[in-house]
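The structure under discussion appears below in the form of structure tokens.
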2 protein chains.
Amino acid sequence: MFDSLKARDAAPTECGAQIFRFDRPENNIRTARNSALASPCASCKVRSKAVCAGLNDEEMEEFSRNIHTRLVKAGKAVYRESEAADNLFTVVSGEVRLANLLGDGRRQLTAFKSAGDLLGENKKGFYQSDAEAVCDTIVCQIPLSLMEKYSNDVPAMYASIATKAQEELCELRHHAVLLGRKTPLEKVATFLVDRIDKFDSKPENQAAIELTMGRGDVADFLGLTIETVSRTITKLKNMGLLLVPNPHHLVVRNSARLRRIAEGEE
Amino acid sequence: MFDSLKARDAAPTECGAQIFRFDRPENNIRTARNSALASPCASCKVRSKAVCAGLNDEEMEEFSRNIHTRLVKAGKAVYRESEAADNLFTVVSGEVRLANLLGDGRRQLTAFKSAGDLLGENKKGFYQSDAEAVCDTIVCQIPLSLMEKYSNDVPAMYASIATKAQEELCELRHHAVLLGRKTPLEKVATFLVDRIDKFDSKPENQAAIELTMGRGDVADFLGLTIETVSRTITKLKNMGLLLVPNPHHLVVRNSARLRRIAEGEE
DNA sequence: TTGCAGCATTGATTTAAATCAATGCCCGTG
DNA sequence: CACGGGCATTGATTTAAATCAATGCTGCAA
């Protein structure tokens with residue numbers, strides 16, 4: 001019955017994951033008082049956006065001794081649902097999808113996580129979704145025990161986690177509206193607009209979008225089939241709203257109108 | 001186009017909201033050392049489940065001077081989206097729906113909150129949904145400033161809020177799977193099973209379910225139309241899984257099978 | 001270079017859920 | 001007690017998206 005909704009494997013697509021360099025101590029987040037301390041974290045490009053942003057130099061120094069970075073190849077799992085949740089993860093580069101499966105293989109993606117985002121939703125000590133790399137991805141693995149330690153000592157970190165949880169709740173409500181009430185056209189438009197807002201710093205009317213994931217991932221994120229996603233993108237193209245140089249690179253030509261469509265306003 | 005999806009008003013249904021009595025100091029949660037202190041909180045029936053559970057007698061005493069309880073009539077708002085978020089709320093009795101609207105009136109409910117649940121999701125100081133009483137409901141209004149004060153002093157309270165946030169995230173992911181990938185039959189079955197798990201302490205095979213909300217609310221929660229919800233309930237009735245004494249009271253006759261249906265296993 | 005595998009697109013057909021429409025039921029009210 | 005309004009249910013019809021099916025494209029490997 002749901003054959004075409006079966007879980008699909010990752011598109012092992014090149015997504016330009018740049019390697020995280022430990023040997024480039026250009027700390028532009030906070031001046032290291034003692035550059036001899038320069039730890040992996042010191043040169044971390046996502047530190048300003050990540051939960052560890054609030055640590056001072058000494059704390060960061062200890063932090064960096066306890067975390068470690070992992071390269072997760074496209075399609076491989078960072079963790080799986082029901083595994084014991086011992087770590088949190090910050091995405092350093094690349095992109096991760098959070099997936100939940102039904103017994104017969106139907107799949108729903110609940111989020112894509114990219115640079116600076118925090119992963120590791122758990123309940124009673126177990127992860128609640130599969131977290132899989134969409135493309136080659138680097139994550140920073142943070143033992144939960146370490147987090148707990150800092151959470152008490154470093155209010156900024158607890159606050160940061162709380163804020164991220166609130167944002168995530170907000171995103172999920174937003175996504176529930178999409179899944180439950182939007183048309184395919186509105187779903188795809190929302191997806192594209194959200195990507196622009198997440199990645200494109202300059203909110204011009206014309207914006208380039210890189211899709212690290214394949215159509216199957218988009219479909220499972222939006223609660224559609226691959227075919228409907230494809231047809232809808234073609235439709236947006238025919239409406240003159242989109243250029244499609246190739247399946248993984250889109251250019252939005254009129255993001256204002258796309259935004260209106262996303263909200264069901266036309 | 002979406003006329004039949006327009007936001008529907010509350011069913012002003014009687015839901016047996018029992019009035020919260022201040023004058024009955026039967027503190028079965030924690031023995032009040034000094035019964036002269038007996039505050040409204042002392043007799044609160046939901047305290048063991050609520051965020052204030054971790055307060056000691058003195059803290060609770062101060063707490064009770066700063067909170068106040070409000071009766072919200074069926075259909076009225078506890079708060080509205082985009083209002084300044086100055087308070088959190090604990091549901092004392094009754095039930096609240098969280099609603100998000102699209103410009104043209106389409107509506108998605110993201111949660112029903114009942115006794116002991118915490119309300120007041122906000123982002124950057126503003127509520128993110130409409131919170132409306134499904135039936136006559138009593139809420140305990142807690143100034144956010146008070147929460148912040150206790151959050152620093154009373155780790156248990158911060159932990160309790162964090163736990164509730166995690167649970168909420170978990171529920172929303174669960175709901176995303178439902179909205180994006182389940183059939184109407186599975187959606188309704190899931191809704192019923194979740195209600196049993198939430199309200200029915202004894203997990204017998206036969207369980208009574210009270211629906212405080214009308215079919216419109218159920219439809220907007222499940223991403224369906226009223227008609228489909230109604231037909232699906234009839235279908236479950238015809239399958240021998242359900243008795244429907246009246247629209248607001250259902251009896252599940254085989255919850256094990258209902259559970260299997262909910263997970264798409266048959 | 002050719003062939004193949006995996007995606008993506010496009011087209012035809014089916015089907016399930018939305019929409020449109022009518023009726024019934026229950027409760028509160030005059 | 002009769003009436004009216006708001007829900008809920010049920011039936012008929014439409015329609016949009018899933019499904020089924022075929023073809024095309026791209027990049028990798030033999």
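All values below were derived from every heavy atom in this structure, side-chain atoms included, with hydrogens, water molecules and symmetry-related copies excluded. So you know, we letter chains A, B, ... as the sequences are listed, proteins then strands, and number each from 1.
- At least one donor-acceptor pair under 3.5 Å links the side chain of B/Thr137 to the backbone N or O of B/Cys135.
- Note: CG (B/Leu211) to C1' (D/dA8) measures 13 Å, nearest angstrom.
- Taking every side-chain heavy atom of B/Pro184 into account, C/dA17 is the closest of C/dA17, C/dT19, D/dA18.
- The CZ atom of B/Arg106 sits 13 Å away from the P atom of C/dA18 (whole-angstrom rounding).
- Around atom CZ of B/Arg70, more than 12 heavy atoms belonging to other residues, nucleotides or ligands sit under 6.0 Å away.
- One can place NE2 of A/His248 at 9 Å from C1' of C/dA8, the figure rounded to the nearest angstrom.
- Checked against side chain to side chain contact (heavy atoms under 4.5 Å, CB included), A/Asn254 has the following partners two or more places apart in sequence or in another chain: A/Asn205, A/Leu241, A/Ala256, A/Arg257.
- The separation between B/His249 atom NE2 and C/dC26 atom C1' is 15 Å, rounded to whole Å.
- Put simply, CD on B/Glu186 is 14 Å from C1' on C/dA17, counting in whole angstrom units.
- In this structure, CG of B/Leu179 is placed 14 Å from P of C/dA17, rounded to the nearest angstrom.
- Following rounding to the nearest Å, A/Lys182 (NZ) and D/dA17 (P) show an atom-to-atom distance of 15 Å.
- Results of the salt bridge (Lys or Arg N to Asp or Glu O under 4.0 Å) test with B/Asp220 over B/Arg107, B/Arg97, B/Arg106 single out B/Arg107 as the only residue that passes.
- A straight line from CG of B/Asp220 to P of C/dA17 spans 17 Å, rounded to a whole angstrom.
- Considering only residues two or more places apart in sequence or on other chains, B/Phe89 meets the ring pair (Phe, Tyr, Trp, His ring centres under 6.0 Å) condition with B/Tyr79.
- Side chain of B/Asn100 to main chain of B/Ser129: no donor-acceptor pair is present (N/O by atom type, distance under 3.5 Å, no hydrogens or angles).
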Report all interatomic pairs (protein N or O, nucleotide N or O of nucleotides 9-11 of chain D) with separations under 3.5 Å.
from: D/dT9; atom 1: OP1; to: B/Arg215; atom 2: NH2; distance (Å): 3.3
from: D/dT9; atom 1: OP2; to: B/Arg215; atom 2: NE; distance (Å): 2.8
from: D/dT9; atom 1: OP2; to: B/Ser230; atom 2: OG; distance (Å): 3.0
from: D/dT9; atom 1: O5'; to: B/Ser230; atom 2: OG; distance (Å): 3.1
from: D/dT10; atom 1: OP2; to: B/Thr234; atom 2: OG1; distance (Å): 2.6
from: D/dG11; atom 1: N7; to: B/Arg231; atom 2: NH1; distance (Å): 2.8
from: D/dG11; atom 1: O6; to: B/Arg231; atom 2: NH2; distance (Å): 3.1

